[in-house]
Amino acid sequence: MELKQKASSTGFRTLILLDLLLREPLTKGEIIERLSKNPYITNISKETLRLDINTLKAAGFEIQNTGKANKYRYKINWSPIQFNLTRKELNVLLRTKEALIKLSNWEYIVRLYGLFEKITPLIKDENDINELMNFHQFSNIDFKTLKELNALSARKKEVILLYNSPNSGIKEIQIKLKGIKYNGSKLYITGISKNYTGSTILRADNIIKTIKMLNTKESLKKPAVKKIICKITPEGRNATGFLDEEKILKETKNYIEIELKSDNDFMAVQRLLSFGDGLISIKNKDIERKYTDALKEILKKYGETS
C-alpha cells in the first residue's frame, strides 16, 4: 500500500511538473516554489525535481536547460503527445483565424498565433500545421520583439532599433515609440524620430531587434493629425472592418462615408489601398494624388512581373 501511494504521488507530481513546463520555461527554484503551493505535494527538493525531470525525459519529452543567460530555466522543446485533427476541427480553427484577422486587431491575432505555436507541436499532420501557422503578413514577424515594443510604446520610450530597410539595407534607427498600427494588411511600429519628418512608420516584419532603450528627456515635436474623408462601398467595410481611429460620418445603401485620422500620409494611403475596389472616392486632394501615385507604382510593378 505504501509503495502504491508513493508511486501515485510521484506520478501526480510529475504530471503537475509537465503542466508547468508546457506553459513556460522555469528555473528549478520557480518549479519548486509552484509545486510547493499544491496541497497534495510535499517535501520537494532539487534532487526530487531532478529525478522527475529525468522521468519526463525517459517518457520521450525533450527538455532543455537553457543556460546561464536564461537563468538555467528548463524548457520543453518537443512532446511525444500528439493527435490528429479532423477536417471539421481544423476548419473551426481556420475560421477563427480568418475572423480575427478581419477584426483588424493585431493583439488578438498575435495571441492566436501564440496559441497555435503551443498546440502545433502536438499535431501529427504537417499539412494541418502549415495551414494553421500560415498567417501571411505575420509570418516573418518576431513576436517576442513585437510584445517588447508594445510594452515600451505604452510608456512612450525612446529606443534604438536594428531595422532591415527595403531601400537602404540594415541600419540603426532611433525612435520615440508611439504605438503599433495594423491597417488590414500589414503591421507597423509608429513613433517620432529626428531622422524623419512627420510620424515615423516602420514595418514590423523588417525590425530585427531592439538594440537598447534610451533615457532621454528631449521633447520631440508631435506631427499634426490629419482628417481624411473618403467613401467606400458597404462591401468594402465587410472586407476589412473599421479601425478604432475611423469614424462613420454617413451611411446609405450605396456607400459609407468615413473619417480616417492619421499623422502619416503613407499609412493613410496604405489603409485606403486596403479597401481595394471598395474605395469610391477621397475628398482630400493631396491624399488622392498620393493614392493615385501608389496605385501607378503597384500597376507598374505588377506589369513588370506579369
Side-chain angles (χ1 to χ4, degrees), residues 5-86 89-90 92-94 96-97 100 106-135 138-151 204-205 207-210:
Q5 194 171 23
K6 185 176 179 182
S8 177
S9 62
T10 300
F12 176 73
R13 189 179 61 244
T14 306
L15 284 174
I16 298 299
L17 169 63
L18 175 61
D19 179 60
L20 290 173
L21 290 179
L22 285 172
R23 291 171 186 268
E24 60 181 324
L26 296 168
T27 65
K28 277 187 179 180
E30 289 169 337
I31 294 170
I32 290 172
E33 180 189 358
R34 297 189 190 191
L35 288 177
S36 299
K37 291 179 179 178
N38 192 302
Y40 301 103
I41 298 176
T42 57
N43 301 323
I44 305 298
S45 66
K46 289 187 177 181
E47 179 59 24
T48 303
L49 181 57
R50 184 184 68 81
L51 292 172
D52 290 345
I53 289 173
N54 286 337
T55 299
L56 289 175
K57 286 181 177 179
F61 292 90
E62 185 182 304
I63 301 176
Q64 173 196 0
N65 186 311
T66 54
K68 184 177 180 180
N70 200 29
K71 298 182 180 179
Y72 299 102
R73 285 186 170 91
Y74 286 93
K75 175 186 176 185
I76 291 181
N77 290 327
W78 186 82
S79 167
I81 301 171
Q82 291 190 308
F83 57 87
N84 284 317
L85 290 173
T86 65
E89 291 167 336
L90 181 65
V92 169
L93 294 175
L94 292 174
T96 301
K97 179 177 73 172
L100 279 181
W106 70 269
E107 291 181 280
Y108 291 157
I109 297 166
V110 170
R111 285 180 192 175
L112 188 67
Y113 187 96
L115 174 63
F116 284 179
E117 271 190 322
K118 288 179 181 178
I119 68 171
T120 47
L122 307 178
I123 298 174
K124 288 182 180 179
D125 194 309
E126 195 68 31
N127 291 326
D128 290 350
I129 293 173
N130 291 336
E131 278 196 79
L132 284 175
M133 296 309 295
N134 183 8
F135 275 67
F138 297 94
S139 299
N140 297 320
I141 293 175
D142 183 335
F143 286 109
K144 185 178 178 182
T145 299
L146 185 66
K147 288 177 183 177
E148 176 191 30
L149 291 174
N150 185 43
D205 54 341
I207 295 173
I208 300 170
K209 65 177 181 178
T210 303

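What you see is a predicted model; the values in this text were computed from it and never measured. Here, residue 1 is the first one in the sequence, and each next residue gets the next number.
- Here the CG atom belonging to Leu149 is positioned 13.0 Å from the NZ atom belonging to Lys209, to the nearest 0.5 angstrom.
- When every heavy atom of Asp125 is checked against every heavy atom of Asn127, the shortest pair comes out as OD1-N, 2.7 Å.
- Between the CG atom of Leu26 and the CZ atom of Arg34 there is a distance of 4.5 Å, given to the nearest 0.5 Å.
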Item checked: side-chain contact (heavy atoms from CB on, under 4.5 Å) evaluation trace for Lys97 with Leu93 -> CA-CA 6 Å; Lys97 179 177 73 172; Leu93 294 175; over 6 Å; no
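- The shortest side-chain heavy-atom distance between Leu94 and Leu132 falls under the 4.5 Å cut-off.
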Checklist line | CA sep, side-chain torsions, deciding dist, call: Arg50, Ile53, side-chain contact (heavy atoms from CB on, under 4.5 Å) | finding: CA-CA 5 Å; Arg50 184 184 68 81; Ile53 289 173; 5.8 Å; no
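- Counting all heavy atoms, side chain and backbone alike, Pro80 lies closest to Ala59 at CG-O, 3.7 Å.
- Put simply, the residue from Lys46, Lys28, Arg13 that forms a salt bridge (charged side-chain N to carboxylate O under 4.0 Å, His left out) with Asp52 is Arg13.
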Next item on the list: Begin with the C-alpha distance, continue with both residues' side-chain angles, and end with the deciding distance and a verdict on side-chain contact (heavy atoms from CB on, under 4.5 Å) for Ile32 and Thr48.
Entry: CA-CA 10 Å; Ile32 290 172; Thr48 303; over 6 Å; no
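- Residue Ile16 holds its CD1 atom at 14.0 Å from NZ of Lys37, rounded to the nearest 0.5 Å.
- Note: Leu21 CG to Gln64 CD = 12.0 Å, rounded to the nearest 0.5 Å.
- Taking a cutoff of 4.0 Å between a charged side-chain nitrogen and a carboxylate oxygen, Glu24 and Arg73 do not qualify as a salt bridge.
- At most 12 heavy atoms of other shown residues, nucleotides or ligands fall within 6.0 angstrom of atom CG in Asn43.
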Next item on the list: Could you check Thr210 against Thr145 for side-chain contact (heavy atoms from CB on, under 4.5 Å), going step by step and ending with a plain yes or no?
Entry: CA-CA 7 Å; Thr210 303; Thr145 299; 4.1 Å; yes
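- In this structure Tyr108 satisfies the side chain to side chain contact (heavy atoms under 4.5 Å, CB included) test together with Leu100, Leu103, Asn105, Arg111, sequence neighbours excluded.
- Two residues are said to be in side-chain contact when any heavy atoms from C-beta on lie closer than 4.5 Å; Leu20 and Leu35 meet this criterion.
- Once rounded to the nearest 0.5 Å, the distance linking CD of Glu62 with NZ of Lys75 reads 10.0 Å.
- Within the 4.5 Å cutoff, side-chain heavy atoms of Leu49 are placed close to those of Leu17.
- A donor-acceptor distance shorter than 3.5 angstrom exists from the side chain of Thr120 to the backbone of Phe116, with no hydrogens or angles considered.
- When side chains are defined from C-beta on, Asn150 does not count as touching Leu146, because their heavy atoms never get closer than 4.5 Å.
- At least one side-chain heavy atom of Leu18 sits less than 4.5 Å from a side-chain heavy atom of Ile76.
- Tyr113 is linked by a ring pair (Phe, Tyr, Trp, His ring centres under 6.0 Å) to Phe135, Phe143, counting only residues two or more places apart in sequence or in another chain.
- Atom CG of Leu56 sits about 4.5 Å away from atom CD1 of Ile63, to the nearest 0.5 Å.
- Side-chain atoms of Asn65 come within 3.5 Å of backbone N or O of Gly67 as a donor-acceptor pair.
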